[in-house]
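To keep things clear, I will list the structure first and then write my remarks on it.
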Number of protein chains: 2
Amino acid sequence: MSLPHAILTALLEKPSSGLELTRRFDKSIGYFWSATHQQIYRELGKLEAQGLIRALPSEQPARGQKKAYEVLPAGRDELARWTAASQDPKPHRDVMLLRLRAAAVVGTAGLEADLRRHRELHERQLAKYLEIEQRDFPPGKDGPEDRLRHLVLRAGIDLETFWTQWLDHALSEFARLPDAGEPRRPGVREA
Amino acid sequence: MSLPHAILTALLEKPSSGLELTRRFDKSIGYFWSATHQQIYRELGKLEAQGLIRALPSEQPARGQKKAYEVLPAGRDELARWTAASQDPKPHRDVMLLRLRAAAVVGTAGLEADLRRHRELHERQLAKYLEIEQRDFPPGKDGPEDRLRHLVLRAGIDLETFWTQWLDHALSEFARLPDAGEPRRPGVREA
DNA sequence: CCGCTTTATGCAACTAGTTGCATAAGCGTG
DNA sequence: CACGCTTATGCAACTAGTTGCATAAAGCGG
(Lines give C-alpha, C1' and ligand atoms only; values in the text may rest on other atoms or scores of the structure.)
Protein backbone atom coordinates (compact mmCIF):
# COMPACT_ATOMS: atom_id res chain seq x y z
CA MET A 1 0.00 0.00 0.00
CA SER A 2 2.63 2.52 -0.97
CA LEU A 3 1.33 4.03 -4.18
CA PRO A 4 -1.28 6.29 -2.54
CA HIS A 5 1.41 7.61 -0.22
CA ALA A 6 3.82 8.17 -3.07
CA ILE A 7 1.10 10.21 -4.75
CA LEU A 8 0.34 12.18 -1.58
CA THR A 9 4.03 13.03 -1.29
CA ALA A 10 4.22 14.14 -4.90
CA LEU A 11 1.07 16.24 -4.56
CA LEU A 12 2.36 17.90 -1.40
CA GLU A 13 5.53 18.80 -3.21
CA LYS A 14 3.38 20.32 -5.92
CA PRO A 15 -0.34 20.03 -6.77
CA SER A 16 -0.65 18.37 -10.17
CA SER A 17 -2.94 16.69 -12.65
CA GLY A 18 -2.83 12.98 -13.39
CA LEU A 19 -0.59 13.36 -16.38
CA GLU A 20 1.78 15.70 -14.61
CA LEU A 21 2.06 13.14 -11.83
CA THR A 22 2.74 10.43 -14.38
CA ARG A 23 5.59 12.47 -15.81
CA ARG A 24 7.02 13.13 -12.37
CA PHE A 25 6.81 9.42 -11.58
CA ASP A 26 8.99 8.86 -14.61
CA LYS A 27 11.50 11.15 -12.95
CA SER A 28 12.30 11.73 -9.30
CA ILE A 29 9.72 9.67 -7.41
CA GLY A 30 9.83 6.91 -9.99
CA TYR A 31 13.47 6.21 -9.16
CA PHE A 32 12.26 3.94 -6.40
CA TRP A 33 8.52 3.75 -7.05
CA SER A 34 7.32 3.49 -10.59
CA ALA A 35 3.70 3.75 -11.65
CA THR A 36 1.78 3.86 -14.89
CA HIS A 37 -0.78 6.56 -15.66
CA GLN A 38 -3.63 4.10 -15.19
CA GLN A 39 -2.50 3.27 -11.70
CA ILE A 40 -2.23 6.94 -10.93
CA TYR A 41 -5.66 7.92 -12.25
CA ARG A 42 -7.31 5.06 -10.42
CA GLU A 43 -5.53 5.95 -7.20
CA LEU A 44 -6.37 9.65 -7.55
CA GLY A 45 -10.03 8.66 -7.76
CA LYS A 46 -9.76 6.55 -4.62
CA LEU A 47 -7.89 9.23 -2.71
CA GLU A 48 -10.51 11.79 -3.67
CA ALA A 49 -13.30 9.44 -2.60
CA GLN A 50 -11.57 9.01 0.76
CA GLY A 51 -11.38 12.73 1.22
CA LEU A 52 -7.58 12.83 1.31
CA ILE A 53 -7.20 15.01 -1.76
CA ARG A 54 -9.47 17.22 -3.82
CA ALA A 55 -9.56 18.57 -7.33
CA LEU A 56 -8.52 22.19 -7.60
CA PRO A 57 -11.72 23.96 -8.56
CA SER A 58 -10.23 26.61 -10.90
CA GLU A 59 -10.22 24.77 -14.24
CA GLN A 60 -13.39 23.50 -15.88
CA PRO A 61 -13.57 19.76 -15.20
CA ALA A 62 -14.24 18.05 -18.52
CA ARG A 63 -12.80 15.07 -20.29
CA GLY A 64 -9.59 15.97 -22.04
CA GLN A 65 -9.20 18.86 -19.58
CA LYS A 66 -6.48 19.04 -17.03
CA LYS A 67 -7.72 18.32 -13.56
CA ALA A 68 -5.24 19.19 -10.83
CA TYR A 69 -5.40 17.82 -7.30
CA GLU A 70 -4.19 19.12 -3.98
CA VAL A 71 -3.75 17.34 -0.65
CA LEU A 72 -6.29 17.99 2.11
CA PRO A 73 -5.30 18.11 5.80
CA ALA A 74 -6.61 14.54 6.26
CA GLY A 75 -4.27 13.44 3.47
CA ARG A 76 -1.28 15.08 5.09
CA ASP A 77 -2.14 13.42 8.40
CA GLU A 78 -2.47 10.03 6.73
CA LEU A 79 0.90 10.47 5.05
CA ALA A 80 2.54 11.46 8.34
CA ARG A 81 0.99 8.42 10.03
CA TRP A 82 2.20 6.08 7.29
CA THR A 83 5.70 7.57 7.28
CA ALA A 84 6.12 7.08 10.99
CA ALA A 85 4.65 3.55 11.09
CA SER A 86 7.14 0.70 11.28
CA GLN A 87 7.28 -1.48 8.16
CA ASP A 88 9.23 -4.62 7.37
CA PRO A 89 11.52 -4.48 4.37
CA LYS A 90 10.29 -6.61 1.50
CA PRO A 91 12.64 -9.21 0.06
CA HIS A 92 14.30 -8.23 -3.22
CA ARG A 93 13.26 -9.79 -6.47
CA ASP A 94 16.03 -9.84 -9.02
CA VAL A 95 15.49 -11.66 -12.29
CA MET A 96 19.13 -11.43 -13.36
CA LEU A 97 20.32 -13.22 -10.23
CA LEU A 98 17.72 -15.88 -10.87
CA ARG A 99 19.03 -16.30 -14.41
CA LEU A 100 22.58 -16.66 -13.15
CA ARG A 101 21.45 -19.31 -10.76
CA ALA A 102 19.62 -21.08 -13.58
CA ALA A 103 22.74 -20.77 -15.73
CA ALA A 104 24.63 -22.85 -13.18
CA VAL A 105 22.30 -25.70 -14.18
CA VAL A 106 21.43 -25.19 -17.85
CA GLY A 107 24.49 -23.34 -19.07
CA THR A 108 25.52 -19.74 -19.56
CA ALA A 109 24.84 -19.54 -23.29
CA GLY A 110 23.50 -16.10 -24.23
CA LEU A 111 23.76 -14.62 -20.77
CA GLU A 112 26.98 -12.66 -21.11
CA ALA A 113 25.58 -10.28 -23.72
CA ASP A 114 22.69 -9.37 -21.47
CA LEU A 115 24.97 -8.89 -18.47
CA ARG A 116 26.92 -6.42 -20.57
CA ARG A 117 23.73 -4.68 -21.67
CA HIS A 118 22.53 -4.36 -18.07
CA ARG A 119 25.88 -2.92 -17.11
CA GLU A 120 25.43 -0.21 -19.72
CA LEU A 121 21.88 0.50 -18.59
CA HIS A 122 22.98 0.92 -14.98
CA GLU A 123 25.85 3.14 -16.03
CA ARG A 124 23.51 5.33 -18.04
CA GLN A 125 21.09 5.58 -15.14
CA LEU A 126 23.99 6.51 -12.88
CA ALA A 127 25.01 9.30 -15.24
CA LYS A 128 21.44 10.62 -15.22
CA TYR A 129 21.34 10.64 -11.42
CA LEU A 130 24.68 12.42 -11.19
CA GLU A 131 23.39 15.07 -13.56
CA ILE A 132 20.34 15.59 -11.36
CA GLU A 133 22.57 15.80 -8.31
CA GLN A 134 24.58 18.55 -9.97
CA ARG A 135 21.44 20.41 -10.94
CA ASP A 136 19.28 20.00 -7.83
CA PHE A 137 21.83 19.95 -5.03
CA PRO A 138 24.46 22.60 -5.48
CA PRO A 139 26.76 23.22 -2.48
CA GLY A 140 24.49 25.81 -0.87
CA LYS A 141 21.28 23.76 -0.85
CA ASP A 142 21.37 21.94 2.46
CA GLY A 143 18.25 22.72 4.47
CA PRO A 144 16.62 19.79 6.29
CA GLU A 145 14.32 18.92 3.36
CA ASP A 146 17.20 19.17 0.90
CA ARG A 147 19.34 16.89 3.02
CA LEU A 148 16.62 14.25 3.11
CA ARG A 149 15.91 14.42 -0.58
CA HIS A 150 19.61 14.37 -1.34
CA LEU A 151 19.96 11.30 0.86
CA VAL A 152 17.36 9.51 -1.24
CA LEU A 153 18.99 10.51 -4.50
CA ARG A 154 22.30 9.35 -3.04
CA ALA A 155 20.78 5.92 -2.49
CA GLY A 156 19.94 5.82 -6.18
CA ILE A 157 23.44 6.90 -7.15
CA ASP A 158 25.12 4.44 -4.83
CA LEU A 159 22.88 1.58 -5.93
CA GLU A 160 23.60 2.15 -9.60
CA THR A 161 27.29 2.36 -8.79
CA PHE A 162 26.94 -0.89 -6.89
CA TRP A 163 25.31 -2.75 -9.74
CA THR A 164 27.71 -1.40 -12.31
CA GLN A 165 30.61 -2.70 -10.25
CA TRP A 166 28.92 -5.97 -9.45
CA LEU A 167 28.20 -6.64 -13.12
CA ASP A 168 31.85 -5.87 -13.92
CA HIS A 169 32.79 -8.46 -11.37
CA ALA A 170 30.30 -10.96 -12.80
CA LEU A 171 31.64 -10.39 -16.31
CA SER A 172 35.20 -10.95 -15.14
CA GLU A 173 34.04 -14.24 -13.59
CA PHE A 174 32.42 -15.17 -16.87
CA ALA A 175 35.68 -14.59 -18.69
CA ARG A 176 37.26 -17.18 -16.40
CA LEU A 177 34.54 -19.76 -17.09
CA PRO A 178 35.15 -22.74 -19.41
CA ASP A 179 33.36 -21.14 -22.40
CA ALA A 180 29.69 -20.35 -22.62
CA GLY A 181 27.96 -23.69 -22.95
CA GLU A 182 26.29 -26.25 -20.79
CA PRO A 183 28.51 -27.22 -17.88
CA ARG A 184 26.97 -30.67 -17.90
CA ARG A 185 23.80 -32.47 -18.86
CA PRO A 186 23.08 -35.15 -16.31
CA GLY A 187 21.20 -38.33 -17.19
CA VAL A 188 17.78 -37.25 -18.35
CA ARG A 189 15.23 -39.83 -17.39
CA GLU A 190 12.67 -40.53 -20.06
CA ALA A 191 9.17 -41.89 -19.37
CA MET B 1 7.04 -14.56 -15.34
CA SER B 2 9.95 -15.67 -13.23
CA LEU B 3 8.42 -17.91 -10.61
CA PRO B 4 8.00 -20.96 -12.87
CA HIS B 5 11.65 -20.64 -13.88
CA ALA B 6 12.77 -20.27 -10.31
CA ILE B 7 10.93 -23.52 -9.58
CA LEU B 8 12.44 -25.27 -12.59
CA THR B 9 15.90 -24.26 -11.41
CA ALA B 10 15.23 -25.51 -7.91
CA LEU B 11 13.82 -28.80 -9.19
CA LEU B 12 16.80 -29.34 -11.47
CA GLU B 13 19.11 -28.83 -8.53
CA LYS B 14 17.07 -31.44 -6.68
CA PRO B 15 13.64 -33.02 -7.33
CA SER B 16 11.34 -32.04 -4.48
CA SER B 17 7.81 -31.88 -3.18
CA GLY B 18 5.87 -28.65 -2.83
CA LEU B 19 6.72 -28.24 0.80
CA GLU B 20 10.39 -29.00 0.28
CA LEU B 21 10.44 -26.35 -2.41
CA THR B 22 8.75 -23.91 -0.07
CA ARG B 23 11.46 -24.49 2.49
CA ARG B 24 14.21 -24.06 -0.07
CA PHE B 25 12.59 -20.82 -1.22
CA ASP B 26 12.93 -19.62 2.34
CA LYS B 27 16.63 -20.28 1.97
CA SER B 28 18.91 -20.08 -1.05
CA ILE B 29 16.58 -19.28 -3.96
CA GLY B 30 14.41 -17.06 -1.79
CA TYR B 31 17.29 -14.64 -1.26
CA PHE B 32 16.30 -12.95 -4.47
CA TRP B 33 12.98 -14.58 -5.32
CA SER B 34 10.56 -15.28 -2.50
CA ALA B 35 7.39 -17.30 -2.85
CA THR B 36 4.70 -18.64 -0.56
CA HIS B 37 3.66 -22.28 -0.56
CA GLN B 38 0.37 -21.41 -2.28
CA GLN B 39 2.18 -19.80 -5.17
CA ILE B 40 4.42 -22.82 -5.44
CA TYR B 41 1.65 -25.43 -5.42
CA ARG B 42 -0.31 -23.49 -7.99
CA GLU B 43 2.70 -23.14 -10.22
CA LEU B 44 3.63 -26.81 -9.86
CA GLY B 45 0.17 -27.67 -11.13
CA LYS B 46 0.58 -25.39 -14.12
CA LEU B 47 4.05 -26.66 -14.94
CA GLU B 48 2.81 -30.25 -14.81
CA ALA B 49 -0.15 -29.39 -17.05
CA GLN B 50 2.29 -27.84 -19.54
CA GLY B 51 4.39 -31.00 -19.54
CA LEU B 52 7.50 -29.26 -18.19
CA ILE B 53 7.68 -31.32 -15.02
CA ARG B 54 6.12 -34.55 -13.78
CA ALA B 55 5.38 -36.12 -10.43
CA LEU B 56 7.83 -38.82 -9.46
CA PRO B 57 5.74 -42.01 -9.63
CA SER B 58 7.30 -43.84 -6.66
CA GLU B 59 5.21 -42.52 -3.75
CA GLN B 60 1.46 -43.07 -3.57
CA PRO B 61 -0.21 -39.82 -4.57
CA ALA B 62 -2.79 -38.96 -1.94
CA ARG B 63 -3.68 -35.87 -0.02
CA GLY B 64 -1.34 -35.35 2.88
CA GLN B 65 1.25 -37.46 1.05
CA LYS B 66 4.45 -36.05 -0.28
CA LYS B 67 4.40 -35.65 -4.04
CA ALA B 68 7.82 -35.00 -5.52
CA TYR B 69 8.36 -33.51 -8.96
CA GLU B 70 11.20 -33.74 -11.46
CA VAL B 71 11.94 -31.63 -14.51
CA LEU B 72 11.25 -33.12 -17.95
CA PRO B 73 13.47 -32.37 -20.96
CA ALA B 74 10.93 -29.82 -22.21
CA GLY B 75 11.23 -28.05 -18.87
CA ARG B 76 14.98 -27.92 -19.08
CA ASP B 77 14.77 -26.52 -22.61
CA GLU B 78 12.31 -23.88 -21.53
CA LEU B 79 14.56 -22.84 -18.67
CA ALA B 80 17.57 -22.62 -20.99
CA ARG B 81 15.54 -20.52 -23.41
CA TRP B 82 14.38 -18.19 -20.66
CA THR B 83 17.86 -17.84 -19.18
CA ALA B 84 19.38 -16.85 -22.50
CA ALA B 85 16.58 -14.45 -23.49
CA SER B 86 17.29 -10.75 -22.99
CA GLN B 87 15.23 -9.09 -20.29
CA ASP B 88 15.01 -5.50 -19.12
CA PRO B 89 15.77 -4.83 -15.48
CA LYS B 90 12.70 -3.82 -13.52
CA PRO B 91 12.81 -0.57 -11.55
CA HIS B 92 13.37 -0.98 -7.83
CA ARG B 93 10.58 -0.45 -5.38
CA ASP B 94 11.79 0.67 -1.99
CA VAL B 95 9.30 1.69 0.65
CA MET B 96 11.92 3.10 3.01
CA LEU B 97 13.20 5.53 0.39
CA LEU B 98 9.63 6.57 -0.25
CA ARG B 99 9.16 7.21 3.46
CA LEU B 100 12.30 9.33 3.58
CA ARG B 101 11.03 11.35 0.69
CA ALA B 102 7.69 11.76 2.45
CA ALA B 103 9.53 12.75 5.63
CA ALA B 104 11.02 15.70 3.78
CA VAL B 105 7.45 17.02 3.52
CA VAL B 106 5.61 15.82 6.63
CA GLY B 107 8.47 15.52 9.10
CA THR B 108 10.80 12.78 10.30
CA ALA B 109 8.93 11.92 13.50
CA GLY B 110 9.14 8.18 14.22
CA LEU B 111 11.34 7.33 11.27
CA GLU B 112 14.70 7.07 12.96
CA ALA B 113 13.73 4.07 15.09
CA ASP B 114 12.67 2.15 12.03
CA LEU B 115 15.84 3.09 10.17
CA ARG B 116 17.78 1.64 13.07
CA ARG B 117 15.64 -1.49 13.06
CA HIS B 118 16.19 -1.99 9.33
CA ARG B 119 19.91 -1.60 9.84
CA GLU B 120 19.82 -4.44 12.36
CA LEU B 121 17.75 -6.62 10.04
CA HIS B 122 20.18 -6.11 7.17
CA GLU B 123 23.11 -6.82 9.41
CA ARG B 124 21.52 -10.04 10.61
CA GLN B 125 20.80 -11.12 7.05
CA LEU B 126 24.39 -10.36 6.15
CA ALA B 127 25.64 -12.56 8.99
CA LYS B 128 23.41 -15.39 7.74
CA TYR B 129 24.78 -15.09 4.21
CA LEU B 130 28.37 -15.06 5.43
CA GLU B 131 27.68 -18.22 7.38
CA ILE B 132 26.32 -19.88 4.26
CA GLU B 133 29.34 -18.73 2.31
CA GLN B 134 31.63 -20.36 4.88
CA ARG B 135 29.62 -23.58 4.75
CA ASP B 136 28.88 -23.92 1.04
CA PHE B 137 31.93 -22.39 -0.58
CA PRO B 138 35.12 -23.57 1.10
CA PRO B 139 38.36 -22.70 -0.77
CA GLY B 140 38.36 -25.92 -2.83
CA LYS B 141 34.86 -25.59 -4.27
CA ASP B 142 35.33 -23.63 -7.47
CA GLY B 143 33.94 -25.57 -10.41
CA PRO B 144 31.97 -23.57 -12.98
CA GLU B 145 28.63 -24.21 -11.24
CA ASP B 146 30.12 -23.30 -7.86
CA ARG B 147 31.55 -20.08 -9.23
CA LEU B 148 28.17 -19.02 -10.60
CA ARG B 149 26.28 -19.86 -7.44
CA HIS B 150 28.94 -18.16 -5.36
CA LEU B 151 28.61 -15.09 -7.56
CA VAL B 152 24.91 -14.95 -6.77
CA LEU B 153 25.46 -15.38 -3.05
CA ARG B 154 28.09 -12.65 -3.27
CA ALA B 155 25.49 -10.31 -4.69
CA GLY B 156 23.37 -10.99 -1.61
CA ILE B 157 26.31 -10.39 0.71
CA ASP B 158 27.37 -7.20 -1.05
CA LEU B 159 23.81 -5.87 -1.15
CA GLU B 160 23.27 -6.38 2.56
CA THR B 161 26.63 -4.75 3.23
CA PHE B 162 25.56 -1.88 1.02
CA TRP B 163 22.29 -1.31 2.85
CA THR B 164 23.88 -1.60 6.26
CA GLN B 165 26.36 1.09 5.32
CA TRP B 166 23.77 3.26 3.62
CA LEU B 167 21.51 3.14 6.67
CA ASP B 168 24.47 4.08 8.84
CA HIS B 169 24.98 7.06 6.60
CA ALA B 170 21.28 7.94 6.73
CA LEU B 171 21.31 7.74 10.53
CA SER B 172 24.33 10.00 10.74
CA GLU B 173 22.45 12.49 8.55
CA PHE B 174 19.48 12.24 10.88
CA ALA B 175 21.69 13.07 13.83
CA ARG B 176 22.58 16.30 12.05
CA LEU B 177 18.94 17.21 11.42
CA PRO B 178 17.16 19.91 13.50
CA ASP B 179 15.33 17.39 15.72
CA ALA B 180 12.65 14.97 14.63
CA GLY B 181 9.59 17.06 13.95
CA GLU B 182 7.88 18.75 11.10
CA PRO B 183 10.25 20.92 9.15
CA ARG B 184 7.42 23.22 8.20
CA ARG B 185 3.66 23.26 7.73
CA PRO B 186 2.79 25.51 4.85
CA GLY B 187 -0.51 27.33 4.62
CA VAL B 188 -3.19 24.66 4.49
CA ARG B 189 -6.05 25.83 2.38
CA GLU B 190 -9.46 24.93 3.77
CA ALA B 191 -12.57 24.48 1.66
C1' DC C 1 -8.62 -45.62 20.03
C1' DC C 2 -9.49 -40.69 20.85
C1' DG C 3 -7.99 -36.21 20.57
C1' DC C 4 -3.91 -33.10 19.54
C1' DT C 5 -0.18 -31.51 16.88
C1' DT C 6 2.61 -31.64 12.76
C1' DT C 7 3.24 -32.29 7.93
C1' DA C 8 1.54 -31.62 3.45
C1' DT C 9 -1.52 -30.08 -0.10
C1' DG C 10 -4.73 -27.12 -1.88
C1' DC C 11 -8.96 -23.67 -2.89
C1' DA C 12 -10.97 -18.99 -2.91
C1' DA C 13 -10.87 -14.33 -2.40
C1' DC C 14 -8.34 -10.33 -2.38
C1' DT C 15 -4.70 -6.65 -3.54
C1' DA C 16 -1.39 -4.64 -6.56
C1' DG C 17 0.36 -3.83 -10.90
C1' DT C 18 0.24 -4.23 -16.20
C1' DT C 19 -1.63 -4.06 -20.89
C1' DG C 20 -4.66 -2.79 -24.32
C1' DC C 21 -7.90 0.06 -25.75
C1' DA C 22 -11.54 3.96 -25.74
C1' DT C 23 -12.85 8.63 -25.46
C1' DA C 24 -12.64 13.47 -25.93
C1' DA C 25 -10.79 17.97 -26.31
C1' DG C 26 -7.21 21.11 -28.43
C1' DC C 27 -4.34 22.32 -32.17
C1' DG C 28 -2.29 22.78 -36.59
C1' DT C 29 -2.53 22.44 -41.65
C1' DG C 30 -4.02 21.91 -46.41
C1' DC D 1 -13.71 22.80 -41.89
C1' DA D 2 -12.09 18.05 -42.29
C1' DC D 3 -8.24 15.35 -41.11
C1' DG D 4 -4.70 13.73 -38.25
C1' DC D 5 -1.66 14.44 -34.21
C1' DT D 6 -0.98 15.37 -29.39
C1' DT D 7 -2.60 15.84 -24.74
C1' DA D 8 -5.37 14.09 -21.13
C1' DT D 9 -8.40 11.00 -18.77
C1' DG D 10 -10.28 6.74 -18.04
C1' DC D 11 -12.43 1.63 -18.30
C1' DA D 12 -11.85 -3.39 -18.55
C1' DA D 13 -9.39 -7.38 -18.54
C1' DC D 14 -5.47 -9.69 -17.26
C1' DT D 15 -1.25 -11.32 -14.49
C1' DA D 16 1.25 -11.83 -10.30
C1' DG D 17 1.43 -12.13 -5.58
C1' DT D 18 -0.81 -12.35 -0.76
C1' DT D 19 -3.95 -13.82 2.90
C1' DG D 20 -7.02 -16.72 5.11
C1' DC D 21 -8.76 -20.88 5.56
C1' DA D 22 -9.87 -26.03 4.53
C1' DT D 23 -8.61 -30.74 4.17
C1' DA D 24 -6.32 -34.97 5.03
C1' DA D 25 -3.00 -38.13 6.62
C1' DA D 26 0.70 -39.45 10.13
C1' DG D 27 2.61 -39.50 14.58
C1' DC D 28 2.09 -39.39 19.45
C1' DG D 29 0.46 -39.35 24.22
C1' DG D 30 -2.84 -40.77 27.62
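In what follows, every heavy atom counts, from backbone to side chain, and hydrogens, waters and symmetry copies are set aside. Convention: sequence-line order gives letters A, B, ...; per-chain numbering from 1.
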Residue A:R42, side-chain atoms from C-beta onward, closest of D:dA13, C:dG20, D:dA16: D:dA13
Step-by-step salt bridge (charged side-chain N to carboxylate O under 4.0 Å, His left out) determination, A:D26 to A:R23: CA-CA 5 Å; A:D26 286 341; A:R23 291 206 225 282; over 6 Å; no
Nearest listed nucleotide, side chain of A:R93, among C:dG20, C:dG17, D:dG17: D:dG17
For atom CG of B:D88 and atom P of C:dT19, their distance in whole Å: 11 Å
Whole-Å gap separating C1' (C:dG10) and NZ (B:K67): 10 Å
Sugar-phosphate, base or nothing in reach of B:T22, heavy atoms under 4.0 Å: nothing
Short side-chain N/O contact to D:dA8 OP1/OP2 from A:S17, under 4.0 Å: no
Between C:dA16 (C1') and A:I40 (CD1): distance, integer Å: 14 Å
Flag for B:H118-A:Q87: side-chain donor and acceptor within less than 3.5 Å: no
hbond_proxy A:Q39 side chain to C:dG17 base (donor-acceptor, 3.5 Å cutoff): no
Polar pair under 3.5 Å, donor/acceptor by atom type, side chain B:Q38, base D:dG20: yes
Side-chain N,O (A:K90) to OP1/OP2 (D:dG17) below 4.0 Å: no
Interatomic distance where CG belongs to B:D26 and P belongs to D:dT18 [whole Å]: 12 Å
Polar contact flag, side-chain donor to acceptor under 3.5 angstrom, A:E133-A:H150: yes
Rounded distance in Å - CG (B:L19) to P (C:dG10): 11 Å
Between B:R93 and A:S34, a side-chain donor and acceptor under 3.5 Å: yes
Between NE2 on residue A:H92 and CG on residue B:D94, distance to nearest 0.5 Å: 7.0 Å
Rounded distance (Å) that lies between atom P of C:dT9 and atom CG of B:L56: 12 Å
Flag, side chain of B:T164 to backbone of B:F162, donor-acceptor distance under 3.5 Å: no
Comparing B:Y41 and A:S2 on DNA chain C - which has the more 5′ nearest nucleotide: B:Y41
Atom-pair distance (CG on B:L44; C1' on C:dC11), nearest Å: 15 Å
Contact residues, residues 28-37 of chain B to DNA chain D [heavy atom, < 4.0 Å]: B:W33, B:T36
Phosphate OP1/OP2 of C:dT7 contacted by B:R23 side-chain N/O (<4.0 Å): no
Note: A:R54-A:E48 ion pair, threshold 4.0 Å (strictly below): no
Among C:dG10, C:dA16, D:dT9, the one nearest A:M1 by side-chain distance: C:dA16
